[in-house]
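Comments concern the structure below.
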Amino acid sequence: MKDPDTPSLFPEPAAPPPEAVAAPPGTPTVARVITGLSLDREFDYRIPPDLLGRLRVGHAVRIPFGHRRMEGFVTALADHTDYPAALKPIEAITRPDPLFDDTMLRLARWMGHYYAAPFEAAIAAILPAAVRHAGADFRRLLSATRVPGAGPTPDEETALRRRSPKAAAAWDALRDGATLTAADLARGTGVSLDALRRLAARGWITLAKAPALRNPADRLEILPTTPPPLTDEQTAALAAMAEEMASPTPGVTLLHGVTGSGKTEVYLAAIQMALDAGKGAIALVPEISLTPQTMERFRGRFGDTVAVLHSQLSDGERHDEWQRIASGKARVALGARSALFAPIRPLGLLVVDEEHEPAYKQDETPHYHARDVAVMRGALEHCPVLLGSATPSLESYRNARAGKYRLVRLTKRIDRAVMPDIRVVDMRLEGEKKSGQGRPLLAAELVEAVRARLARGEQSILFLNRRGFSTAVTCPDCGREETCPDCSVHMTYHRSGDFLLCHVCGARRPAPSKCPDCGSPGIKRTGTGTQRIESVAQALFPRARIARMDSDTTRAKDAHQRILGTFRRGDIDILIGTQMIAKGLDFPNVTLVGVINADASLQIPDFRAAERTFQLLTQVAGRAGRGDVPGEVFFQTFSPFNPALQCACHADMDTFYDQEILMRELMKYPPFTRMTTVLLKGPDASAVDAAAQTVATRLRAMLPPAVDLKGPAPAPLAKAKGQTRVHLLLFAPAARDYLPALRALQARPHLPRDVTLTIDVDAHSLM
Ligand code: ADP
Ligand code: ZN
Ligand code: ZN
């Protein structure tokens, strides 16, 4: 089949892909099918007489394939084939309803082309595995329903109530034609299965297996909320969305609102408008901010019509939530990245909260960016897209300034809440003051500020982006460093359990008490992680209630919610944590935020380091002073004059943007170019190097001169999980300049057996 032209996202104008080839008049006799095999091609099948006129695009079908049977999805209907031999017939439709429609199919095709990924991988991305896999179905449980028109006579009913009150209670619960599972009835009324069978035997109820939804929301009791009157700025933002919704060609709106300015309230109001117009909506949030608080706000406003899709759902729950959406019972999908593909029909609004979040980039093939695909889905469905952030990405901000996106601002915090007072603490001076004793981890000013909070019963957050106790373990005598044998990183010392852990591959070994090489007992543990801050804080504030939240303390299901719940109730004075606590939390009693190492993200080897730092610091600082008491924030740093830090300190997006955009333009970095990484990895370093050279030579021969190809060079993470990693970087003025070469490479990588290749279009990580 011919490649459809690949439209590109910004900075080129976003144009929807051409319409899919329409089925010619007359009943199609040929169906094109994609399978799950990594073949990146579709196959033609004959439509047997019993399926003529019934088969539709998106249907799951059983097909003969070689000597096997397998399931595939119909991607097109036609009345002829180019296949030279006789076509095999489709055997059956395996699921009653199509799993995707034409628009989603076009979106998948676009993703496959734009992200240089096989088409079947793009199909897999738009359909959750729990839905895609054959056998995925509703759980069928024994359920009871009243038989219409039947039931006990008044005398019989009186007798029933006397002799068998539980059965009578079950009978009552089934009033209004409800279907309830036997298990639910037993839980609610104590009725036994035998008692239900007796009701059935008298012809009053039926007992049969029926699809039962696994609704994760059942476990939570949500109080309905009413929308607050909007502020003037919120009203203006909503008016802008109303205009977009009314427009025949709605566009993208960037909502730039400082932390706590009421962006979420604008999303909720805009979603309500979409619902009022008879349409549905999708709201994407980064997984990490998909907190119970966020879910409650959505459920409180929209009740059962919200389906929540997040990574902690079981496959069954995911399947059921998806079906609730597909069947139209749920009209609002709230979720992380992949909720973007929720089958909301018709779609009236797409919201992407915290649009700058790197978590929107998928880390497997296709390496799509959910915000960018959302913009494309919006264009395909003529649906407005609302991107929100306190710290928009340079890409989106540039589009807004250039007039491609509509820019709406919320400049003030809600109510009387004022922006926190931010101070930069120069840790170099801190060291001098205490010379002789080593540098303290918490500056004296910060310690004082925490003390004042403890005295007033207010809460503090201490933020550090590294977990563990110390991040390097070295021998001062022979210089031995404890590194992971399989990864090019230091092992982190974890004090609870006294072991060394590799944060890349998870390998662990006992912490040595003396140097394994020279026997020296003076092993040094340097570099600070959250565990060390916790122990320092415990020593400094012995009476404070301290909790730590990082991926070590939140491994158990619901641990995340439990810690935040305790914090909210005020049973924790000081919360210490990693980026898990940086985003989206709204705790009015938090009046102090201390950032232990504000420089940490400046050191990552990435041209986005300054942008990430600015965003992270602004977000963390935004956790302070969201209630009536003004907040105070400390940034501990060794580079106090760094522009990203200074701008975050003054919440000055525009100055930061102006400086950073100049640098990007000068260096020819995104958003002035598109950047793609090609990563090669394998267990044998020389095979990987050789393959990388071959790939570079092939690419150079195919690429137009406008594309700048850098490398091959060892990736910053040169080795991970025993695999050597070598990468190439491609910078192109526009995606179309390198996509043909990348697609050719993806289709025929010609690699030695144990070398694998990953193409990451618009890469967001250079590691
Ligand atoms: P953001 O998403 O910008 O961080 P939120 O929407 O979470 O801000 O709003 C911050 C706080 O202000 C929340 O507690 C929210 O319930 C409250 N809030 C938002 N808009 C209003 C309003 N118009 N009137 C009263 N309270 C509001
Ligand atoms: Zn040693
Ligand atoms: Zn490792």
Side-chain angles (χ1 to χ4, degrees), residues 358 361-365 367 465-468 470-475 478-494 500-509 516-517 525-527 529 551 599-610 612-613 667 669-670 675-700 708-731 742 745-746 749-767:
K361 194 72 161 61
Q362 169 70 299
D363 51 13
E364 53 191 54
T365 303
H367 289 258
N465 222 353
R466 291 201 196 122
R467 65 195 171 103
S470 59
T471 49
V473 178
T474 49
C475 169
C478 74
R480 177 190 158 100
E481 301 183 335
E482 296 296 332
T483 53
C484 175
D486 290 330
C487 309
S488 54
V489 294
H490 280 119
M491 303 283 277
T492 300
Y493 173 63
H494 283 244
L500 298 177
L501 180 72
C502 171
H503 284 183
V504 173
C505 73
R508 57 164 81 193
R509 58 177 186 252
D517 285 349
R525 292 167 182 158
T526 52
S551 44
D599 308 329
S601 54
L602 284 172
Q603 288 146 11
I604 55 171
D606 191 321
F607 67 87
R608 286 193 177 89
R612 293 261 192 282
T613 303
M667 303 297 291
Y669 283 145
M675 185 192 67
T676 285
T677 61
V678 176
L679 176 72
L680 292 118
K681 59 182 185 204
D684 176 2
S686 57
V688 174
D689 280 333
Q693 289 297 349
T694 313
V695 167
T697 310
R698 276 185 67 198
L699 280 176
R700 286 212 166 84
D708 183 11
L709 173 70
K710 295 190 201 301
L717 180 59
K719 197 174 162 204
K721 302 178 187 175
Q723 306 242 314
T724 298
R725 299 154 50 87
V726 171
H727 71 185
L728 302 156
L729 305 181
L730 287 81
F731 292 88
L742 289 175
L745 181 64
Q746 177 258 316
H750 298 310
L751 295 170
R753 199 153 29 86
D754 53 5
V755 176
T756 54
L757 174 142
T758 311
I759 298 173
D760 186 358
V761 171
D762 293 339
H764 270 243
S765 163
L766 295 180
M767 295 306 280

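What you see below is based on every heavy atom in this structure, not just the backbone, and it leaves out hydrogens, waters and symmetry mates.
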### Task
Might you point out which heavy atoms bring Leu501 and Gly506 nearest each other, and give the distance in Å?
CD1-O, 3.5 Å

### Message
For Asp363 and Lys361: C-alpha separation, side-chain torsions, deciding distance, then whether salt bridge (Lys or Arg N to Asp or Glu O under 4.0 Å) applies.
### Response
CA-CA 6 Å; Asp363 51 13; Lys361 194 72 161 61; over 6 Å; no

### Task
Would you sort out whether Asp517 and Cys478 count as a side chain to side chain contact (heavy atoms under 4.5 Å, CB included), showing the intermediate values?
CA-CA 8 Å; Asp517 285 349; Cys478 74; 4.1 Å; yes

### Candidate pair Glu482 and His490, rule side chain to side chain donor-acceptor pair (under 3.5 Å), full reasoning
CA-CA 6 Å; Glu482 296 296 332; His490 280 119; over 6 Å; no

### Query
Does some side-chain heavy atom of Lys681 sit less than 4.5 Å from a side-chain heavy atom of Thr724?
no

### Query
So His503 and His494, would you call those rings parallel, tilted or perpendicular, with 30° and 60° as cut-offs?
perpendicular

## Note on the structure
When rounded to the nearest 0.5 Å, the distance separating CG of Leu679 from CG of Leu757 is 8.0 Å

#### Entry: Separation of Met675 CE from Asp762 CG (nearest 0.5 Å)
8.0 Å

### Query
So, do Phe607 and Leu766 sit near enough that their side-chain heavy atoms are less than 4.5 Å apart?
yes

### Task
Given side chain to side chain contact (heavy atoms under 4.5 Å, CB included), test Leu751 with Leu680 step by step and report yes or no.
CA-CA 10 Å; Leu751 295 170; Leu680 292 118; 3.7 Å; yes

### Query
Minimum heavy-atom separation for Ser470 to Thr526, with atom names?
CB-O, 3.3 Å

### Query
Do side-chain atoms of Arg480 reach the backbone of Val473 as a donor and acceptor pair under 3.5 angstrom?
no

### Message
Do Ser551 and Arg467 have side chains that approach each other closer than 4.5 Å (heavy atoms only, starting at C-beta)?
### Response
yes

### Query
Between CG of Leu602 and CZ of Arg612, what distance do you get to the nearest 0.5 Å?
12.5 Å

### Query
Quick one: does Lys719's side chain have a donor or acceptor within less than 3.5 Å of a partner on Pro485's backbone?
yes

### Message
Is there a side-chain contact between Pro358 and Ser765 in this structure, where contact means two heavy atoms from C-beta onward sitting under 4.5 Å apart?
### Response
no

### Query
Could you give the distance from OG1 (Thr492) to CG (Leu500), rounded to the nearest 0.5 Å?
8.5 Å

### Query
More than 12 foreign heavy atoms under 6.0 Å from NZ of Lys721: is that the case here?
no

### Task
Starting at OG1 of Thr756, measure out to CZ of Arg725 and round the result to the nearest 0.5 Å.
9.5 Å

### Task
Check whether any side-chain heavy atom of Pro670 sits under 4.5 Å from a side-chain heavy atom of Arg608, and report yes or no.
yes

## Note on the structure
Rounding to 0.5 Å, atoms CG (Leu717) and CD (Gln723) come to a distance of 11.5 Å

### Query
What closest approach, in Å, do Leu709 and Ala696 show between heavy atoms, and which atom pair accounts for it?
CD2-O, 3.8 Å

### Task
Run the numbers on Tyr493 and Thr471 for side chain to side chain contact (heavy atoms under 4.5 Å, CB included), then give the verdict.
CA-CA 6 Å; Tyr493 173 63; Thr471 49; over 6 Å; no

### Message
Between Arg509 and Met491, is the side chain to side chain contact (heavy atoms under 4.5 Å, CB included) condition met? List the steps.
### Response
CA-CA 9 Å; Arg509 58 177 186 252; Met491 303 283 277; 3.9 Å; yes

### Query
Looking at Ala718 and Ser488, what are the two nearest heavy atoms and their distance?
N-OG, 3.0 Å

## Note on the structure
Closest non-hydrogen contact found for Ala720 with Val504 is CB-CG1, 3.7 Å

### Query
With a 4.5 Å limit on heavy-atom distance, are the side chains of Leu730 and Leu742 in contact?
yes

### Task
Just do the side chain to side chain donor-acceptor pair (under 3.5 Å) check on Asp760 and Thr758 with the steps written out, would you?
CA-CA 6 Å; Asp760 186 358; Thr758 311; over 6 Å; no

### Query
Closest heavy-atom contact between Pro712 and Val726?
CB-CG1, 3.7 Å

